[in-house]
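In what follows, a structure is listed as structure tokens, so that the remarks can point back to it.
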Amino acid sequence: MTELVLYVLVLTAYAPGVALLATSKRVWRFPVVCFAFIGMIAFNAVGSIGVFSAEKIYWLAFDTQPVSSELAILLVSQAIIFYAICGTYVLLREPRPTNYRFEYNDGFLIALSMTAIFAIAALYYHQTGIFLIQSALDGSMDVDNSYSFRDKYVYGISNWPIYSLAFVFIPILLSNHGLIVFLSSSGKLKIVPLACLLVSFGASLSLGSKGGLLGFLLSLSVAYVTFLGMTGRTAYGILRSKVFWIFSVIAVATMVFGYIHATTELVGYTALAQRFIYRVFVAYPETIAAAISMYHDRGPLGIAVLPTMRGLLQHEQVNLSALLHEYEANTPGGVSVPFVGEAYLIGGRLGVCLALPMVFFTLIAIQEFASRLNMGLFAIGFAAIYSYLAIQLSLNGMFASLYNFMYPGTICVIGGLALGAGWIVRKAGEPGKVAKL
């Protein structure tokens with residue numbers, strides 16, 4: 001089949017879900033599964049034309065043409081399995097009634113999150129003596145040496161899982177929660193959630209990563225739409241938010257500046273647009289194609305793809321990010337691996353048929369848990385963070401997103417502390433009272 005036929009076939013498979021998202025307010029009451037689908041179409045399906053047409057901005061060591069048909073089958077299968085499991089769930093499940101209000105838990109969680117960001121960031125600076133945004137601004141870190149900088153000051157640090165809380169996870173949690181509180185408040189109380197957004201933006205920016213800014217903007221969008229959906233409003237309300245557009249313009253402008261500043265040669269507007277489109281859309285289906293090609297060349301990786309679960313599974317886990325980058329570009333580095341690519345490397349089409357249902361049923365379980373939380377606006381914040389992680393499935397894979405131990409563990413600790421603080425405050429003198437904004 002021609003490249004155009006393959007692309008139309010892929011888009012047609014996702015068209016029913018897109019139509020439902022565009023016309024139904026009811027489906028947005030289930031944001032976790034909705035955003036998983038958005039991630040699949042935006043970051044896997046739309047950019048697949050770049051693989052089918054083999055038009056690459058960066059040189060790849062493997063040829064995408066031989067795996068184009070298999071990529072189309074894989075993306076269509078992903079949509080069909082999603083419809084069969086999550087689509088059935090959304091159509092048959094009645095949304096639970098909503099009654100979200102600001103409570104003591106919300107204020108305590110915001111204070112705890114901001115304190116944690118500053119404390120952990122201070123420890124990071126004490127150890128490294130630098131935030132990478134400094135290197136990006138003074139020009140010492142550019143497109144040619146950025147990997148060595150990140151290997152030295154980010155991934156190569158033994159305490160990075162702890163530091164990443166302050167630069168990756170907690171800023172997302174704080175910005176999501178802060179935005180939701182901002183949307184629910186009025187008057188002078190809006191200053192506090194605005195401070196949350198500024199602190200989160202600064203933390204995301206501090207590592208000098210364009211991907212960090214993109215993640216901040218993406219999580220902010222997800223939080224806004226999650227709030228609208230879970231409170232029974234139309235998702236299009238995000239288009240009327242001045243705060244959202246202000247941060248969007250700042251984030252995009254900063255990313256553009258980063259591309260220009262980090263590139264030694266002169267970058268024109270056309271080349272800049274090409275790189276941005278490639279980075280946001282084409283890179284991920286290209287990695288899926290690389291996974292298919294590597295599977296045919298080297299065979300399945302089997303359980304080596306699975307995390308070791310801290311010793312419970314006795315095997316050596318492969319570094320898929322480094323392995324696929326080496327295969328794609330024949331140079332050291334790292335690349336984001338979408339979850340359908342992980343599934344294919346486990347066992348080909350059979351791996352996809354086994355792993356994808358497991359992921360989709362997990363999404364449903366998380367959605368059900370979020371809908372039953374009785375923790376004020378944190379219930380929406382919880383749904384927002386996992387909606388964001390659901391999108392990340394199509395970017396960074398299932399084990400770097402939903403099954404990363406840091407995320408659920410941190411949510412349990414912070415959520416437990418917030419619940420405990422709210423219980424203590426109510427018992428101390430104002431039982432059952434809800435703060436009014």
Side-chain angles (χ1 to χ4, degrees), residues 1-22 36-87 273-300 320 324-325 327-329 335-357 359-360 391 393-398:
M1 289 187 283
T2 66
E3 61 190 50
L4 182 59
V5 171
L6 291 175
Y7 190 54
V8 170
L9 181 65
V10 170
L11 294 185
T12 300
Y14 289 84
V18 174
L20 198 59
L21 289 174
F37 181 79
I38 291 173
M40 290 189 296
I41 185 168
F43 300 112
N44 295 170
V46 170
S48 62
I49 186 62
V51 177
F52 299 142
S53 60
E55 294 181 3
K56 310 178 186 71
I57 295 176
Y58 305 113
W59 170 255
L60 298 180
F62 79 102
D63 187 5
T64 60
Q65 289 288 18
V67 299
S68 292
S69 297
E70 185 70 11
L71 175 64
I73 293 173
L74 194 58
L75 295 179
V76 170
S77 301
Q78 181 179 239
I80 292 173
I81 296 173
F82 179 86
Y83 291 148
I85 298 174
C86 293
Q274 285 180 323
R275 291 187 179 193
F276 181 78
I277 292 172
Y278 174 88
R279 181 67 181 86
V280 175
F281 299 108
V282 183
Y284 305 107
E286 212 167 61
T287 304
I288 299 173
I292 297 172
S293 180
M294 191 171 74
Y295 173 86
H296 290 307
D297 287 348
R298 304 179 184 179
L320 273 184
L324 274 175
H325 189 280
Y327 184 83
E328 277 188 298
V335 67
S336 299
V337 186
F339 76 121
V340 71
E342 288 178 328
Y344 199 87
L345 283 171
I346 289 175
R349 294 183 183 179
L350 178 61
V352 171
C353 292
L354 293 176
L356 264 60
V359 171
F360 294 149
I391 283 186
L393 289 170
S394 299
L395 300 174
N396 296 322
M398 50 188 155

Report summary line: Shortest non-hydrogen pair, V10 vs S48, comes out as CG1-OG, 4.2 Å
Query raised in the report: To the nearest 0.5 Å, how far apart are CD1 in I80 and CD1 in I85?
Result: 12.0 Å
Query raised in the report: Only one of D297, L345, L71 forms a side-chain contact (heavy atoms from CB on, under 4.5 Å) with I292, so which one is it?
Result: L71
Query raised in the report: So, do R349 and Y295 sit near enough that their side-chain heavy atoms are less than 4.5 Å apart?
Result: no
Report task. Output the distance between atom CD1 (I288) and atom CZ (F43), rounded to the nearest 0.5 Å. Result -> 12.0 Å
Query - Y14 and L75: CA distance, side-chain angles, deciding distance, side chain to side chain contact (heavy atoms under 4.5 Å, CB included) verdict - result: CA-CA 9 Å; Y14 289 84; L75 295 179; 4.1 Å; yes
**Report entry** Atom pair CZ/OH of R298 and Y327 - distance to nearest 0.5 Å
**Finding:** 6.5 Å
Query raised in the report: How close do G347 and P300 get, heavy atom to heavy atom, and via which atoms?
Result: CA-CB, 4.2 Å
Requested in this report: Report the distance from atom CG of L393 to atom CD of E342, rounding to the nearest 0.5 Å.
Outcome: 8.5 Å
**Report entry** Close side-chain approach of F281 to I49, heavy-atom, < 4.5 Å
**Finding:** no
Query raised in the report: Of the non-hydrogen atoms in S394 and Y284, which two are nearest, and what is the gap between them?
Result: O-CB, 4.1 Å
Report task. Specify the closest pair of heavy atoms between V8 and T12, including all atoms of both residues, with the distance to one decimal. Result -> O-OG1, 2.6 Å
Query - Main-chain N/O of A289 paired to S293 side chain as donor or acceptor, under 3.5 Å - result: no
Query - Nearest-0.5 Å distance, OG of residue S69 to CD of residue E3 - result: 11.5 Å
Query raised in the report: Quick one: are F339 and M40 in side-chain contact, heavy atoms under 4.5 Å?
Result: yes
Query - Minimum heavy-atom distance P338-S336, with the two atoms named - result: CD-O, 3.5 Å
Report task. Report the C-alpha separation of F360 and Y83 in whole Å, then their side-chain angles, then the decisive distance to 0.1 Å, and conclude whether the side chain to side chain contact (heavy atoms under 4.5 Å, CB included) test is met. Result -> CA-CA 10 Å; F360 294 149; Y83 291 148; over 6 Å; no
Report task. Check L6 against A72 and note the closest heavy-atom contact, atom names and distance. Result -> CD2-CB, 3.8 Å
Query raised in the report: Quick one: does T2's side chain get under 4.5 Å of F52's, heavy atoms only?
Result: no
**Report entry** Distance, nearest 0.5 Å, that separates CE of M294 from OG1 of T287
**Finding:** 11.0 Å
Requested in this report: Indicate whether any N or O donor in one side chain lies under 3.5 Å from an N or O acceptor in the other, for Y7 and S53.
Outcome: no
